[in-house]
Amino acid sequence: MTRNAEGYEGDLKWTDKNGQTHSTCQSNTSQDGAGCKRSYGNKHNGKQAAFVVNSSVTRKPLFLKTSQTSCVRCTVALNKRIKAHEKATGKVVTIDQYSQFSSDHKGHCFRN
């Protein structure tokens, strides 16, 4: 535990906008995360997210994890195939029929 570490200088005390005082354990690292969709607890279901751990000593990132569940190239390829099918048949493709079309494409896929 950080609080038990040799040389620990004590908790960082701060006050929020409502005047309530808080105490946060100090460490030689800090971590943060972000996503394109707000999430609470462990229910992360957005299409993109990132998590980073930074060193307070070196002021450089120690760890970076990104996640992306969609790929713009996949979307473009799928849309082209759907449009071609609609033009050839004259019928509008419903969302239930999307799985019949391939999203394969040339180049790097950005999905994790």
Side-chain angles (χ1 to χ4, degrees):
M1 295 287 297
T2 301
R3 288 185 171 106
N4 296 332
E6 185 179 331
Y8 181 68
E9 296 180 11
D11 285 6
L12 176 66
K13 299 196 184 327
W14 54 280
T15 305
D16 64 19
K17 66 181 180 181
N18 298 322
Q20 185 175 1
T21 303
H22 301 274
S23 179
T24 303
C25 178
Q26 293 186 48
S27 172
N28 56 4
T29 63
S30 63
Q31 57 191 11
D32 197 6
C36 67
K37 182 176 180 183
R38 183 176 292 260
S39 62
Y40 300 95
N42 61 356
K43 298 175 182 169
H44 307 287
N45 59 1
K47 293 184 186 239
Q48 297 172 325
F51 175 75
V52 64
V53 176
N54 291 308
S55 168
S56 299
V57 176
T58 64
R59 300 203 181 273
K60 294 185 179 181
L62 300 173
F63 177 80
L64 175 65
K65 174 67 178 169
T66 60
S67 174
Q68 183 154 336
T69 60
S70 65
C71 170
V72 68
R73 290 180 177 175
C74 289
T75 303
V76 169
L78 180 66
N79 287 342
K80 281 183 181 179
R81 290 182 179 99
I82 290 171
K83 276 188 175 183
H85 178 78
E86 288 176 340
K87 187 175 182 180
T89 63
K91 295 180 181 177
V92 174
V93 175
T94 65
I95 196 162
D96 297 333
Q97 298 169 315
Y98 280 18
S99 62
Q100 298 172 13
F101 299 93
S102 172
S103 61
D104 291 343
H105 58 81
K106 292 181 181 178
H108 179 76
C109 185
F110 295 99
R111 247 189 283 186
N112 290 3

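This chain uses plain numbering: 1 for the first residue, then up along the sequence.
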J.: Working to the nearest 0.5 Å, report the span between NE2 of His108 and CZ of Arg73.
T.: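 Answer rounded to 0.5 Å: 8.0 Å.
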
J.: Considering only Ile, Leu, Val, Met, Phe, Trp and Tyr, and joining two whenever side-chain heavy atoms are under 4.5 Å apart, list the other residues clustered with Phe101.
T.: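 Leu78, Ile82, Val93, Ile95, Tyr98, all in the cluster of Phe101.
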
J.: Taking all non-hydrogen atoms of both residues into account, name the closest pair between Asn54 and Pro61 and its distance.
T.: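 Looks like OD1-CA, 3.4 Å.
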
J.: How long is the span from the OG1 atom in Thr15 to the CD atom in Gln20, to the nearest 0.5 Å?
T.: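 Nearest 0.5 Å value for the OG1-CD distance: 9.5 Å.
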
J.: Looking at NE2 of His105 and CZ of Arg81, how far apart are the two atoms once the value is rounded to the nearest 0.5 Å?
T.: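 His105 NE2 to Arg81 CZ: 9.0 Å, rounded to 0.5 Å.
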
J.: Can you name the nearest heavy-atom pair linking Asp16 to His22, along with the distance?
T.: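 Closest approach of Asp16 to His22, heavy atoms only: OD2-NE2, 2.9 Å.
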
J.: Which heavy atom of Cys74 sits nearest to which heavy atom of Cys109, and what is that distance?
T.: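 Closest approach of Cys74 to Cys109: SG-SG, 3.6 Å.
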
